[in-house]
Protein chains: 2
Amino acid sequence: MSPSLPSGLLGTLDPTSDRAVFRQIADQLREAIDRGRFREGEKLPSEAELVDHFGVSRMTVRNSFSILQGEGLVHAEHGKGVFVRPRPPVRRLASDRFTRRHREQGKSAFIVEADTVGGHPQVDSLEVKEIKASPDISARLGSVRRVLSRYRRYLLDGRPVEFATSYLPLDIARGTQIAEPNPGPGGIYARLEDLGHRLDHFDEEIRSRMPSPAEVKTLNLAAGVPVFHLIRTAYDTEGRAVEVCDTVMASDAYVLSYRLPAT
Amino acid sequence: MSPSLPSGLLGTLDPTSDRAVFRQIADQLREAIDRGRFREGEKLPSEAELVDHFGVSRMTVRNSFSILQGEGLVHAEHGKGVFVRPRPPVRRLASDRFTRRHREQGKSAFIVEADTVGGHPQVDSLEVKEIKASPDISARLGSVRRVLSRYRRYLLDGRPVEFATSYLPLDIARGTQIAEPNPGPGGIYARLEDLGHRLDHFDEEIRSRMPSPAEVKTLNLAAGVPVFHLIRTAYDTEGRAVEVCDTVMASDAYVLSYRLPAT
DNA sequence: CAGTGGTCTAGACCACAAT
DNA sequence: TTGTGGTCTAGACCACTGA
(Lines give C-alpha, C1' and ligand atoms only; values in the text may rest on other atoms or scores of the structure.)
Protein backbone atom coordinates (compact mmCIF):
# COMPACT_ATOMS: atom_id res chain seq x y z
CA MET A 1 0.00 0.00 0.00
CA SER A 2 1.42 3.38 -0.93
CA PRO A 3 -0.09 6.16 1.12
CA SER A 4 -0.40 9.49 -0.61
CA LEU A 5 -1.14 13.02 0.51
CA PRO A 6 -3.75 15.35 -0.95
CA SER A 7 -1.68 17.54 -3.25
CA GLY A 8 -1.33 21.12 -2.13
CA LEU A 9 -1.72 20.30 1.53
CA LEU A 10 2.00 20.50 2.06
CA GLY A 11 4.76 21.94 -0.10
CA THR A 12 8.16 20.65 -1.07
CA LEU A 13 11.61 20.91 0.46
CA ASP A 14 14.23 23.44 -0.51
CA PRO A 15 17.44 21.41 -0.96
CA THR A 16 19.49 24.60 -1.32
CA SER A 17 18.34 25.87 2.07
CA ASP A 18 20.66 25.83 5.06
CA ARG A 19 17.69 24.87 7.19
CA ALA A 20 17.74 21.21 8.15
CA VAL A 21 15.23 19.03 6.37
CA PHE A 22 13.42 18.00 9.55
CA ARG A 23 13.07 21.68 10.49
CA GLN A 24 11.64 22.50 7.08
CA ILE A 25 9.07 19.74 7.49
CA ALA A 26 8.24 20.96 11.01
CA ASP A 27 7.90 24.51 9.63
CA GLN A 28 5.44 23.36 6.99
CA LEU A 29 3.34 21.41 9.44
CA ARG A 30 3.38 24.28 11.95
CA GLU A 31 2.28 26.74 9.32
CA ALA A 32 -0.48 24.42 8.15
CA ILE A 33 -1.71 24.16 11.74
CA ASP A 34 -1.49 27.90 12.29
CA ARG A 35 -3.44 28.53 9.09
CA GLY A 36 -6.14 26.17 10.25
CA ARG A 37 -5.55 23.57 7.52
CA PHE A 38 -5.41 21.10 10.39
CA ARG A 39 -7.86 21.84 13.15
CA GLU A 40 -7.76 21.09 16.86
CA GLY A 41 -7.89 17.38 17.47
CA GLU A 42 -7.43 16.60 13.80
CA LYS A 43 -4.98 13.93 12.69
CA LEU A 44 -1.84 14.95 10.87
CA PRO A 45 -0.51 12.87 7.96
CA SER A 46 1.07 9.66 9.20
CA GLU A 47 4.82 9.19 9.34
CA ALA A 48 4.65 6.86 6.33
CA GLU A 49 2.73 9.42 4.31
CA LEU A 50 5.24 12.13 5.07
CA VAL A 51 8.14 9.80 4.29
CA ASP A 52 6.59 9.25 0.86
CA HIS A 53 5.63 12.87 0.31
CA PHE A 54 9.01 14.36 1.14
CA GLY A 55 11.18 11.42 0.13
CA VAL A 56 13.06 11.31 3.43
CA SER A 57 13.72 8.62 5.99
CA ARG A 58 11.35 7.90 8.80
CA MET A 59 13.66 9.23 11.51
CA THR A 60 13.70 12.58 9.77
CA VAL A 61 9.93 12.78 9.87
CA ARG A 62 9.89 11.69 13.50
CA ASN A 63 12.39 14.44 14.30
CA SER A 64 9.95 16.96 12.84
CA PHE A 65 7.13 15.64 14.99
CA SER A 66 9.32 15.78 18.05
CA ILE A 67 9.92 19.51 17.45
CA LEU A 68 6.20 20.16 17.26
CA GLN A 69 5.59 18.09 20.38
CA GLY A 70 8.17 20.16 22.24
CA GLU A 71 6.29 23.27 21.21
CA GLY A 72 3.11 21.80 22.60
CA LEU A 73 1.43 21.93 19.21
CA VAL A 74 0.76 18.23 18.64
CA HIS A 75 0.62 14.98 20.56
CA ALA A 76 1.10 11.41 19.39
CA GLU A 77 -1.20 8.52 20.21
CA HIS A 78 0.32 5.10 19.84
CA GLY A 79 -1.42 3.11 17.13
CA LYS A 80 -3.65 6.02 16.13
CA GLY A 81 -1.62 8.91 14.81
CA VAL A 82 -0.34 12.37 15.57
CA PHE A 83 -2.97 14.97 16.37
CA VAL A 84 -3.20 18.72 16.73
CA ARG A 85 -3.36 19.25 20.47
CA PRO A 86 -6.72 20.68 21.50
CA ARG A 87 -6.65 23.69 23.79
CA PRO A 88 -8.53 22.62 26.90
CA PRO A 89 -10.88 25.08 28.56
CA VAL A 90 -8.94 27.26 30.98
CA ARG A 91 -9.86 28.20 34.49
CA ARG A 92 -9.51 31.85 35.26
CA LEU A 93 -8.15 32.47 38.76
CA ALA A 94 -9.11 35.93 39.91
CA SER A 95 -7.26 37.77 42.64
CA ASP A 96 -10.40 38.02 44.78
CA ARG A 97 -10.62 34.26 45.18
CA PHE A 98 -9.49 34.36 48.80
CA THR A 99 -11.75 37.09 50.05
CA ARG A 100 -13.71 36.64 53.25
CA ARG A 101 -16.94 36.96 51.33
CA HIS A 102 -16.25 33.62 49.66
CA ARG A 103 -15.10 31.94 52.86
CA GLU A 104 -18.25 33.03 54.63
CA GLN A 105 -20.29 31.34 51.97
CA GLY A 106 -18.59 28.14 53.05
CA LYS A 107 -16.74 27.69 49.82
CA SER A 108 -13.08 26.79 49.48
CA ALA A 109 -11.08 28.60 46.85
CA PHE A 110 -11.05 25.69 44.42
CA ILE A 111 -14.81 25.39 44.55
CA VAL A 112 -15.22 29.11 44.04
CA GLU A 113 -13.09 28.96 40.93
CA ALA A 114 -14.80 25.86 39.58
CA ASP A 115 -18.15 27.58 39.94
CA THR A 116 -17.06 30.33 37.62
CA VAL A 117 -16.37 27.95 34.75
CA GLY A 118 -19.16 25.52 35.44
CA GLY A 119 -16.91 22.47 35.62
CA HIS A 120 -17.23 19.59 38.04
CA PRO A 121 -14.60 19.98 40.78
CA GLN A 122 -13.13 17.05 42.66
CA VAL A 123 -10.41 16.45 45.24
CA ASP A 124 -8.45 13.24 45.75
CA SER A 125 -5.24 11.96 47.33
CA LEU A 126 -5.84 13.89 50.50
CA GLU A 127 -3.01 13.32 52.94
CA VAL A 128 -2.44 15.07 56.24
CA LYS A 129 0.65 14.57 58.40
CA GLU A 130 3.21 16.21 60.63
CA ILE A 131 6.66 16.60 59.13
CA LYS A 132 9.93 18.41 59.56
CA ALA A 133 9.84 21.74 57.73
CA SER A 134 12.19 22.20 54.78
CA PRO A 135 14.57 25.16 55.12
CA ASP A 136 12.52 27.14 52.63
CA ILE A 137 9.19 26.48 54.33
CA SER A 138 10.71 27.14 57.71
CA ALA A 139 12.02 30.50 56.54
CA ARG A 140 8.68 31.50 55.10
CA LEU A 141 6.81 30.54 58.27
CA GLY A 142 9.27 32.31 60.55
CA SER A 143 11.66 29.59 61.70
CA VAL A 144 9.40 26.77 62.68
CA ARG A 145 10.84 23.32 63.07
CA ARG A 146 7.92 21.03 62.42
CA VAL A 147 4.74 21.67 60.46
CA LEU A 148 1.41 20.17 59.58
CA SER A 149 1.35 19.32 55.89
CA ARG A 150 -1.83 18.87 53.88
CA TYR A 151 -1.44 17.38 50.41
CA ARG A 152 -4.26 17.14 47.92
CA ARG A 153 -4.85 16.86 44.19
CA TYR A 154 -7.59 18.70 42.34
CA LEU A 155 -9.45 17.53 39.29
CA LEU A 156 -11.85 19.36 37.03
CA ASP A 157 -14.28 17.26 35.03
CA GLY A 158 -12.12 14.27 35.86
CA ARG A 159 -8.90 15.79 34.60
CA PRO A 160 -6.15 16.45 37.16
CA VAL A 161 -5.26 20.15 36.94
CA GLU A 162 -3.22 20.92 40.06
CA PHE A 163 -1.80 19.49 43.25
CA ALA A 164 -0.87 21.40 46.33
CA THR A 165 0.70 21.05 49.75
CA SER A 166 -0.16 23.41 52.57
CA TYR A 167 2.19 23.87 55.52
CA LEU A 168 1.04 25.24 58.88
CA PRO A 169 2.87 25.78 62.16
CA LEU A 170 1.99 23.05 64.67
CA ASP A 171 1.15 25.51 67.43
CA ILE A 172 -1.66 26.77 65.23
CA ALA A 173 -2.94 23.65 63.53
CA ARG A 174 -2.30 20.66 65.76
CA GLY A 175 -5.41 19.15 67.25
CA THR A 176 -7.73 21.45 65.32
CA GLN A 177 -10.04 20.67 62.45
CA ILE A 178 -7.22 21.79 60.16
CA ALA A 179 -5.50 18.53 61.03
CA GLU A 180 -8.52 16.58 59.81
CA PRO A 181 -8.81 15.40 56.20
CA ASN A 182 -11.96 17.49 55.81
CA PRO A 183 -11.42 20.93 57.33
CA GLY A 184 -15.07 21.89 56.98
CA PRO A 185 -16.90 24.67 55.15
CA GLY A 186 -14.77 27.49 53.80
CA GLY A 187 -11.60 25.40 53.98
CA ILE A 188 -8.57 25.90 56.20
CA TYR A 189 -8.65 29.67 55.82
CA ALA A 190 -12.08 29.77 57.41
CA ARG A 191 -10.76 27.58 60.26
CA LEU A 192 -7.76 29.83 60.76
CA GLU A 193 -10.11 32.74 61.26
CA ASP A 194 -12.25 30.67 63.63
CA LEU A 195 -9.06 30.12 65.63
CA GLY A 196 -8.56 33.87 65.94
CA HIS A 197 -6.06 34.34 63.12
CA ARG A 198 -7.83 37.03 61.17
CA LEU A 199 -6.35 36.95 57.68
CA ASP A 200 -4.86 40.13 56.30
CA HIS A 201 -3.38 39.31 52.92
CA PHE A 202 -1.64 36.66 50.83
CA ASP A 203 1.64 36.87 48.94
CA GLU A 204 1.87 34.77 45.83
CA GLU A 205 5.05 33.88 43.95
CA ILE A 206 4.70 32.48 40.44
CA ARG A 207 7.26 30.55 38.47
CA SER A 208 6.95 28.64 35.23
CA ARG A 209 9.06 25.68 34.15
CA MET A 210 8.89 22.29 32.50
CA PRO A 211 7.50 19.55 34.74
CA SER A 212 9.50 16.75 36.30
CA PRO A 213 8.57 13.19 35.27
CA ALA A 214 6.67 12.80 38.56
CA GLU A 215 4.65 15.94 37.83
CA VAL A 216 3.91 14.74 34.32
CA LYS A 217 2.48 11.60 35.86
CA THR A 218 0.47 13.29 38.61
CA LEU A 219 -1.08 15.84 36.27
CA ASN A 220 -1.23 13.56 33.23
CA LEU A 221 0.50 16.25 31.21
CA ALA A 222 1.00 16.17 27.46
CA ALA A 223 4.44 16.83 25.99
CA GLY A 224 5.26 20.50 25.65
CA VAL A 225 3.04 21.67 28.50
CA PRO A 226 4.82 23.69 31.22
CA VAL A 227 3.61 24.02 34.79
CA PHE A 228 2.93 27.00 36.99
CA HIS A 229 4.67 26.71 40.32
CA LEU A 230 2.88 28.92 42.80
CA ILE A 231 3.91 29.56 46.39
CA ARG A 232 1.39 31.42 48.51
CA THR A 233 1.95 32.69 52.02
CA ALA A 234 -0.99 33.71 54.18
CA TYR A 235 -0.50 36.47 56.78
CA ASP A 236 -2.78 37.32 59.67
CA THR A 237 -3.49 40.83 60.85
CA GLU A 238 -0.64 40.60 63.34
CA GLY A 239 1.79 40.09 60.49
CA ARG A 240 2.45 36.47 61.21
CA ALA A 241 2.78 33.95 58.37
CA VAL A 242 0.19 31.33 59.26
CA GLU A 243 0.28 29.12 56.18
CA VAL A 244 2.39 28.40 53.12
CA CYS A 245 0.78 26.67 50.15
CA ASP A 246 2.95 25.14 47.43
CA THR A 247 0.99 24.46 44.25
CA VAL A 248 1.88 22.95 40.87
CA MET A 249 -0.65 23.56 38.12
CA ALA A 250 -1.04 22.37 34.52
CA SER A 251 -0.38 25.62 32.70
CA ASP A 252 -2.70 24.80 29.83
CA ALA A 253 -5.61 24.68 32.26
CA TYR A 254 -5.19 28.11 33.82
CA VAL A 255 -5.09 31.81 33.29
CA LEU A 256 -3.96 33.61 36.41
CA SER A 257 -5.42 37.04 36.92
CA TYR A 258 -4.35 39.76 39.34
CA ARG A 259 -5.28 43.30 40.12
CA LEU A 260 -2.43 45.72 40.79
CA PRO A 261 -2.70 49.03 42.57
CA ALA A 262 -1.67 52.15 40.68
CA THR A 263 -1.22 54.29 43.73
CA MET B 1 40.75 6.58 21.14
CA SER B 2 38.35 4.81 23.46
CA PRO B 3 36.70 7.19 25.87
CA SER B 4 35.83 5.77 29.25
CA LEU B 5 33.73 6.93 32.16
CA PRO B 6 34.80 7.15 35.79
CA SER B 7 33.33 3.97 37.22
CA GLY B 8 30.50 4.52 39.66
CA LEU B 9 29.42 7.78 38.11
CA LEU B 10 26.59 6.07 36.30
CA GLY B 11 24.99 2.67 36.78
CA THR B 12 23.97 -0.02 34.35
CA LEU B 13 20.82 -0.77 32.41
CA ASP B 14 18.13 -3.16 33.47
CA PRO B 15 17.43 -5.29 30.40
CA THR B 16 14.42 -6.89 32.08
CA SER B 17 12.77 -3.54 32.65
CA ASP B 18 9.81 -2.42 30.57
CA ARG B 19 11.24 1.06 30.62
CA ALA B 20 12.85 1.98 27.31
CA VAL B 21 16.64 2.05 27.30
CA PHE B 22 16.85 5.72 26.39
CA ARG B 23 14.52 6.54 29.27
CA GLN B 24 16.64 4.54 31.69
CA ILE B 25 19.71 6.47 30.58
CA ALA B 26 17.84 9.77 30.92
CA ASP B 27 16.69 8.69 34.39
CA GLN B 28 20.25 7.99 35.48
CA LEU B 29 21.56 11.28 34.16
CA ARG B 30 18.65 13.20 35.71
CA GLU B 31 19.23 11.59 39.07
CA ALA B 32 22.95 12.30 38.89
CA ILE B 33 22.16 15.95 38.18
CA ASP B 34 19.60 16.13 40.99
CA ARG B 35 22.07 14.61 43.41
CA GLY B 36 24.63 17.20 42.43
CA ARG B 37 27.05 14.73 40.86
CA PHE B 38 26.99 17.08 37.91
CA ARG B 39 26.83 20.73 38.87
CA GLU B 40 25.37 23.74 37.09
CA GLY B 41 27.30 24.46 33.93
CA GLU B 42 29.24 21.23 34.19
CA LYS B 43 29.73 19.03 31.14
CA LEU B 44 27.98 15.68 30.97
CA PRO B 45 29.71 12.63 29.51
CA SER B 46 29.94 12.87 25.73
CA GLU B 47 27.68 10.84 23.47
CA ALA B 48 30.60 8.58 22.57
CA GLU B 49 31.38 7.92 26.22
CA LEU B 50 27.79 7.00 26.97
CA VAL B 51 27.62 4.78 23.87
CA ASP B 52 30.64 2.91 25.23
CA HIS B 53 29.45 2.86 28.81
CA PHE B 54 25.97 1.53 28.12
CA GLY B 55 26.73 -0.41 24.96
CA VAL B 56 23.97 1.21 22.94
CA SER B 57 23.82 3.03 19.65
CA ARG B 58 24.40 6.73 19.38
CA MET B 59 20.80 7.55 18.51
CA THR B 60 19.69 5.96 21.76
CA VAL B 61 22.00 8.21 23.74
CA ARG B 62 20.87 11.24 21.77
CA ASN B 63 17.27 10.35 22.54
CA SER B 64 18.12 10.45 26.24
CA PHE B 65 19.68 13.88 25.91
CA SER B 66 16.66 15.12 24.00
CA ILE B 67 14.42 14.13 26.93
CA LEU B 68 16.57 16.08 29.36
CA GLN B 69 16.63 19.06 27.01
CA GLY B 70 12.86 19.02 26.87
CA GLU B 71 12.79 19.14 30.65
CA GLY B 72 15.05 22.16 30.60
CA LEU B 73 17.74 20.34 32.55
CA VAL B 74 20.57 20.41 30.02
CA HIS B 75 21.58 22.21 26.87
CA ALA B 76 23.89 21.12 24.08
CA GLU B 77 26.66 23.23 22.59
CA HIS B 78 27.82 22.19 19.17
CA GLY B 79 31.44 21.06 19.19
CA LYS B 80 31.72 21.40 22.96
CA GLY B 81 29.36 19.05 24.74
CA VAL B 82 26.16 18.79 26.71
CA PHE B 83 26.00 20.83 29.89
CA VAL B 84 23.82 21.12 32.95
CA ARG B 85 21.79 24.23 32.31
CA PRO B 86 22.64 26.93 34.80
CA ARG B 87 19.74 28.67 36.50
CA PRO B 88 20.14 32.32 35.60
CA PRO B 89 19.48 34.95 38.24
CA VAL B 90 15.78 35.71 38.33
CA ARG B 91 14.13 39.08 38.48
CA ARG B 92 11.43 39.37 41.06
CA LEU B 93 8.49 41.42 39.83
CA ALA B 94 6.59 42.81 42.77
CA SER B 95 3.00 43.92 42.54
CA ASP B 96 3.86 47.45 43.61
CA ARG B 97 5.98 48.04 40.53
CA PHE B 98 3.44 50.35 38.93
CA THR B 99 2.75 52.58 41.88
CA ARG B 100 2.72 56.33 41.49
CA ARG B 101 5.62 56.62 43.90
CA HIS B 102 7.90 54.96 41.35
CA ARG B 103 6.54 56.96 38.43
CA GLU B 104 7.12 60.18 40.29
CA GLN B 105 10.73 59.23 40.74
CA GLY B 106 10.94 59.26 36.96
CA LYS B 107 11.50 55.56 36.72
CA SER B 108 9.79 53.23 34.29
CA ALA B 109 8.71 49.87 35.61
CA PHE B 110 11.52 47.95 33.98
CA ILE B 111 14.13 50.22 35.52
CA VAL B 112 12.52 49.91 38.92
CA GLU B 113 12.69 46.15 38.71
CA ALA B 114 16.24 46.13 37.43
CA ASP B 115 17.30 48.29 40.34
CA THR B 116 16.14 45.69 42.77
CA VAL B 117 18.44 43.02 41.36
CA GLY B 118 21.34 45.28 40.51
CA GLY B 119 21.53 44.25 36.88
CA HIS B 120 22.22 46.52 33.93
CA PRO B 121 18.91 47.24 32.14
CA GLN B 122 18.72 48.02 28.47
CA VAL B 123 16.02 48.60 25.83
CA ASP B 124 16.32 48.00 22.11
CA SER B 125 14.17 47.48 19.00
CA LEU B 126 11.92 50.35 19.90
CA GLU B 127 9.19 50.72 17.31
CA VAL B 128 6.20 53.03 17.45
CA LYS B 129 3.42 53.04 14.88
CA GLU B 130 -0.29 53.36 14.30
CA ILE B 131 -2.05 50.13 13.41
CA LYS B 132 -5.47 48.53 13.17
CA ALA B 133 -6.42 46.99 16.50
CA SER B 134 -6.79 43.21 16.64
CA PRO B 135 -10.22 42.03 17.81
CA ASP B 136 -8.79 41.11 21.21
CA ILE B 137 -7.03 44.42 21.75
CA SER B 138 -10.07 46.30 20.51
CA ALA B 139 -12.30 44.47 22.98
CA ARG B 140 -9.95 45.18 25.87
CA LEU B 141 -9.72 48.87 25.03
CA GLY B 142 -13.45 49.29 24.56
CA SER B 143 -14.03 48.92 20.82
CA VAL B 144 -11.40 51.11 19.32
CA ARG B 145 -10.59 50.71 15.65
CA ARG B 146 -7.02 51.94 15.41
CA VAL B 147 -4.35 52.17 18.08
CA LEU B 148 -0.87 53.41 18.73
CA SER B 149 1.46 50.45 19.20
CA ARG B 150 4.79 50.64 20.99
CA TYR B 151 7.07 47.63 20.66
CA ARG B 152 10.28 47.22 22.60
CA ARG B 153 12.63 44.52 23.81
CA TYR B 154 14.28 44.52 27.21
CA LEU B 155 17.67 43.15 28.10
CA LEU B 156 19.30 42.61 31.44
CA ASP B 157 23.08 42.44 31.53
CA GLY B 158 22.98 41.99 27.78
CA ARG B 159 20.58 39.05 27.84
CA PRO B 160 17.14 39.54 26.26
CA VAL B 161 14.55 38.73 28.93
CA GLU B 162 11.24 40.07 27.59
CA PHE B 163 9.57 41.92 24.76
CA ALA B 164 6.36 43.84 24.93
CA THR B 165 3.89 45.74 22.82
CA SER B 166 1.73 48.46 24.31
CA TYR B 167 -1.50 49.50 22.64
CA LEU B 168 -3.17 52.86 23.29
CA PRO B 169 -6.28 54.46 21.82
CA LEU B 170 -5.37 57.11 19.25
CA ASP B 171 -7.58 59.77 20.82
CA ILE B 172 -5.37 59.54 23.89
CA ALA B 173 -1.90 59.01 22.49
CA ARG B 174 -1.70 60.55 19.01
CA GLY B 175 0.47 63.61 18.85
CA THR B 176 1.64 63.28 22.45
CA GLN B 177 5.00 62.30 23.82
CA ILE B 178 3.62 58.77 24.07
CA ALA B 179 3.93 58.60 20.28
CA GLU B 180 7.63 59.41 20.52
CA PRO B 181 10.25 56.67 20.83
CA ASN B 182 11.31 58.10 24.16
CA PRO B 183 8.24 58.87 26.27
CA GLY B 184 10.25 60.67 28.93
CA PRO B 185 10.79 60.13 32.66
CA GLY B 186 8.42 57.71 34.35
CA GLY B 187 7.43 56.10 31.06
CA ILE B 188 4.07 56.16 29.31
CA TYR B 189 2.15 55.76 32.55
CA ALA B 190 3.57 59.05 33.81
CA ARG B 191 2.60 60.67 30.49
CA LEU B 192 -0.93 59.28 30.73
CA GLU B 193 -1.29 60.94 34.10
CA ASP B 194 0.15 64.19 32.71
CA LEU B 195 -2.61 64.02 30.10
CA GLY B 196 -5.24 63.85 32.82
CA HIS B 197 -5.78 60.10 32.88
CA ARG B 198 -5.21 59.43 36.54
CA LEU B 199 -4.45 55.73 36.84
CA ASP B 200 -6.60 53.66 39.14
CA HIS B 201 -5.44 50.06 38.78
CA PHE B 202 -4.05 47.43 36.41
CA ASP B 203 -5.43 44.00 35.57
CA GLU B 204 -2.86 41.39 34.69
CA GLU B 205 -3.52 38.07 32.99
CA ILE B 206 -0.79 35.44 33.08
CA ARG B 207 -0.41 32.41 30.87
CA SER B 208 2.48 30.03 30.45
CA ARG B 209 3.32 28.04 27.34
CA MET B 210 6.18 26.90 25.15
CA PRO B 211 7.57 29.63 22.90
CA SER B 212 7.09 29.86 19.15
CA PRO B 213 10.26 29.67 17.00
CA ALA B 214 10.12 33.46 16.60
CA GLU B 215 10.01 33.93 20.37
CA VAL B 216 12.90 31.51 20.83
CA LYS B 217 14.89 33.71 18.48
CA THR B 218 13.91 37.06 20.00
CA LEU B 219 14.60 35.93 23.56
CA ASN B 220 17.51 33.62 22.69
CA LEU B 221 15.79 30.87 24.67
CA ALA B 222 17.33 27.52 25.52
CA ALA B 223 15.38 24.33 24.83
CA GLY B 224 12.91 23.46 27.54
CA VAL B 225 12.31 27.02 28.71
CA PRO B 226 8.67 28.14 28.67
CA VAL B 227 7.53 31.74 28.43
CA PHE B 228 5.21 33.82 30.54
CA HIS B 229 2.61 35.55 28.44
CA LEU B 230 1.32 38.53 30.35
CA ILE B 231 -1.47 40.85 29.28
CA ARG B 232 -1.91 43.97 31.37
CA THR B 233 -4.72 46.48 31.05
CA ALA B 234 -4.43 49.90 32.67
CA TYR B 235 -7.58 51.66 33.89
CA ASP B 236 -7.99 55.30 34.78
CA THR B 237 -10.12 56.57 37.64
CA GLU B 238 -13.07 56.96 35.29
CA GLY B 239 -12.98 53.25 34.60
CA ARG B 240 -11.69 53.59 31.07
CA ALA B 241 -9.07 51.15 29.74
CA VAL B 242 -6.30 53.46 28.58
CA GLU B 243 -3.59 50.97 27.67
CA VAL B 244 -3.08 47.26 26.99
CA CYS B 245 0.42 45.83 27.27
CA ASP B 246 1.18 42.41 25.80
CA THR B 247 4.41 40.95 27.16
CA VAL B 248 6.33 37.74 26.54
CA MET B 249 8.99 36.90 29.10
CA ALA B 250 11.66 34.24 29.41
CA SER B 251 10.25 32.27 32.32
CA ASP B 252 13.66 31.29 33.67
CA ALA B 253 14.45 34.94 34.24
CA TYR B 254 11.44 35.84 36.37
CA VAL B 255 9.52 35.23 39.52
CA LEU B 256 6.22 37.07 39.49
CA SER B 257 4.98 38.21 42.84
CA TYR B 258 1.54 39.47 43.80
CA ARG B 259 -0.27 40.53 46.92
CA LEU B 260 -3.85 39.35 47.29
CA PRO B 261 -6.44 40.87 49.57
CA ALA B 262 -7.97 38.61 52.22
CA THR B 263 -10.98 40.79 52.81
C1' DC C 1 44.16 17.97 14.28
C1' DA C 2 40.84 15.16 17.33
C1' DG C 3 36.61 15.44 19.79
C1' DT C 4 32.21 17.13 19.97
C1' DG C 5 27.31 17.48 18.67
C1' DG C 6 23.95 17.95 14.18
C1' DT C 7 21.79 15.64 10.48
C1' DC C 8 20.38 11.74 7.82
C1' DT C 9 19.75 6.97 5.96
C1' DA C 10 17.72 2.26 5.61
C1' DG C 11 16.68 -0.89 7.64
C1' DA C 12 14.60 -3.93 11.99
C1' DC C 13 11.26 -5.53 15.52
C1' DC C 14 7.79 -4.16 18.78
C1' DA C 15 3.18 -2.55 20.90
C1' DC C 16 -1.12 -0.50 20.30
C1' DA C 17 -5.66 0.57 17.80
C1' DA C 18 -9.13 -0.25 14.67
C1' DT C 19 -11.49 -3.29 11.52
C1' DT D 1 -4.83 -8.11 9.56
C1' DT D 2 -3.35 -3.53 8.53
C1' DG D 3 -1.76 0.84 9.79
C1' DT D 4 -0.08 3.47 13.35
C1' DG D 5 3.60 5.21 16.39
C1' DG D 6 7.76 3.46 19.80
C1' DT D 7 12.32 1.79 20.05
C1' DC D 8 16.80 0.57 18.40
C1' DT D 9 20.86 -0.35 15.34
C1' DA D 10 25.09 0.70 12.60
C1' DG D 11 26.56 3.08 9.92
C1' DA D 12 27.54 7.95 7.15
C1' DC D 13 28.92 12.82 6.43
C1' DC D 14 28.83 17.45 8.22
C1' DA D 15 29.93 21.72 11.18
C1' DC D 16 31.72 23.61 15.15
C1' DT D 17 35.32 23.95 18.96
C1' DG D 18 39.70 24.04 20.89
C1' DA D 19 44.45 22.68 21.21
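Bear in mind the structure is a predicted one, so any value in this text is a computation, not a measurement. Protein chains get the first letters and strands the later ones, always in sequence-line order, with residue 1 at the start of each.
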query = Does B:Gln24 use its side chain to pair, donor to acceptor, with the backbone of B:Arg19 at less than 3.5 Å?
reply = yes

A:Arg35 meets the side chain to side chain donor-acceptor pair (under 3.5 Å) criterion, sequence neighbours left out, with A:Glu31

Rounded to whole Å, CD of A:Glu49 lies from P of D:dT2 at a distance of 18 Å

Rounded to whole Å, the CD1-C1' distance (B:Ile67 to D:dG6) equals 12 Å

Here the distance between atom P of D:dT9 and atom CD of B:Glu47, to the nearest Å, is 14 Å

Of the listed D:dT4, D:dT9, C:dG6, the closest approach to the B:Ala76 side chain comes from C:dG6

Ranking D:dT7, C:dG5, D:dT4 by distance to the side chain of A:Arg62, first place goes to D:dT7

In whole angstroms, the gap separating C1' of C:dT9 from CZ of A:Phe54 amounts to 17 Å

B:Ser66 meets the side chain to side chain donor-acceptor pair (under 3.5 Å) criterion, sequence neighbours left out, with none

With sequence neighbours left out, the residues meeting ring-ring contact (aromatic ring centres under 6.0 Å, His included) with A:Tyr258 are B:Tyr258

Between CZ of B:Phe83 and P of D:dT17 the distance, given in whole Å, is 11 Å

Contact check, residues 13-25 of chain B vs DNA chain D, heavy-atom distance under 4.0 Å, returns B:Ala20, B:Val21, B:Phe22, B:Arg23

Taking for B:Gly81 and for A:Gly55 the nucleotide of DNA chain C with the nearest heavy atom, the one nearer the 5' end belongs to B:Gly81

Contacts satisfying salt bridge (charged side-chain N to carboxylate O under 4.0 Å, His left out) that involve residues 78-88 of chain B (not counting sequence neighbours) are B:Glu77-B:Lys80, B:Arg85-B:Asp252

Pairwise side-chain contact, A:Val248 with A:Thr218, heavy-atom cut-off 4.5 Å (strictly under): no

| query | OP1, OP2 of C:dT7 versus side-chain N and O of A:Thr60: anything below 4.0 Å? | reply | no

In whole angstroms, the gap separating P of D:dG5 from CG of A:Asn63 amounts to 15 Å

Whole-Å distance, B:Lys43 NZ to C:dG3 P, equals 12 Å

**Report entry** Under 4.0 angstrom between B:Ser57 side-chain N/O and D:dC8 OP1 or OP2
**Finding:** no

Across all chains, not counting sequence neighbours, the side chain to side chain donor-acceptor pair (under 3.5 Å) partners of B:Ser57 are B:Thr60

When rounded to whole Å, the CG to C1' distance for the pair B:Leu44 and C:dG3 reads 16 Å

Whether each nucleotide of nucleotides 11-19 of chain C has a protein heavy atom under 4.0 Å at its base (B), only at its sugar-phosphate (S) or at neither (-) is summarised, 5' to 3', as -B--BBSS-

Applied to residues 219-230 of chain A, the salt bridge (charged side-chain N to carboxylate O under 4.0 Å, His left out) test, sequence neighbours excluded, yields none

Sorted by chain and number, sequence neighbours left out, side chain to side chain donor-acceptor pair (under 3.5 Å) with A:Glu47 holds for A:Arg58, A:Arg62

